[in-house]
Amino acid sequence: MTDIELYEMAEGASEGAYAPYSGYRVGAALLAADGTVYTGANVENSSYGATICAERTAAVKAVTEGKREFEALAVAAPGTGGPAWPCGICRQFLFEFGGDLRVICGADAEHIEAVTLDGLLAHGFRL
Ligand code: THU
């Protein structure tokens with residue numbers, strides 16, 4: 001699974017977004033250590049704070065299927081003209097499962113960039 005392939009899965013996953021309030025459709029593709037990919041999209045709510053991001057949707061699907069180790073996460077917001085780096089809540093949520101996660105973002109598949117979660121979240125919280 002290349003970074004571009006994972007990013008393209010995130011692009012496809014954005015089609016599952018429910019974003020009637022912002023119109024900002026995000027897709028995520030999370031590659032588990034066993035090679036399984038879990039996708040997700042943002043699901044908004046009329047009580048705006050109840051909205052869940054694409055990244056956490058994918059992570060919740062994976063974790064509730066028993067996965068705990070992850071290699072990479074791609075995030076895409078096709079047509080928005082820019083990359084969709086994970087928000088602060090999602091960074092902490094993912095940090096629970098390891099700071100060495102490879103996070104792949106970009107405005108499109110030809111302009112992706114990969115960094116570690118540790119690089120995105122300084123001094124993430126652990127109990
Ligand atoms: N959103 C995500 O899905 N992931 C992010 O990392 C940032 C924001 C969603 C939440 C909301 O539905 C919309 O994008 C606008 O904030």
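The figures that follow rest on heavy atoms only: side chains count, while hydrogens, waters and symmetry mates do not. Remember, it's 1-based here, ligands and their atoms both numbered in the order they're listed.
Put simply, no part of C90 is less than 4.0 Å from ligand 1, judged by heavy atoms. For W85, the closest heavy-atom approach to ligand 1 falls below 4.0 Å.
Ligand 1 places these atoms under 4.0 Å from at least one heavy atom of E44: 11 (C), 12 (O), 13 (C). The atoms of ligand 1 that sit less than 4.0 Å from any heavy atom of P86 are 6 (O).
Counting protein heavy atoms only, atom 3 (O) of ligand 1 is closest to A54 N, 2.9 Å. At the top of the distance list for atom 5 (C) of ligand 1, counting protein heavy atoms only, stands E55 OE2, 3.4 Å. In this structure, atom 9 (C) of ligand 1 lies nearest to the protein heavy atom N42 ND2, 3.6 Å.
In terms of polar-atom proximity, S22 is not counted as a contact of ligand 1, lacking any N or O under 3.5 Å from an N or O of the ligand. Considering backbone and side-chain atoms together, T51 places no N or O closer than 3.5 Å to any N or O of ligand 1. In terms of polar-atom proximity, defined here as any N/O pair under 3.5 Å, C87 does make such a contact with ligand 1. In terms of polar-atom proximity, defined here as any N/O pair under 3.5 Å, C53 makes no such contact with ligand 1.
Using a 3.5 Å distance cut-off with no hydrogens or angles, the side chains of D118 and T116 do not pair a donor with an acceptor.
Between F95 and F125, the distance separating the two ring centers is not shorter than 6.0 angstrom.
The structure places SG of C105 at 8.5 Å from CD of E113, a figure rounded to the nearest 0.5 Å. Between the NZ atom in K61 and the OG1 atom in T36 there is a gap of 12.0 Å [rounded to 0.5 Å].
Side-chain contact between C87 and C53 is present, with at least one heavy-atom pair separated by less than 4.5 Å. In this structure the side chain of R25 never reaches within 4.5 angstrom of the side chain of Y18, judged on heavy atoms. At least one side-chain heavy atom of L6 sits under 4.5 Å from a side-chain heavy atom of I104.
When distances from atom 14 (O) of ligand 1 to the protein are checked, a heavy atom turns up under 4.0 Å.
Annotation: cation-pi geometry not satisfied between R68 and F97 (NZ/CZ under 6.0 angstrom from ring centroid, within 45° of ring axis).
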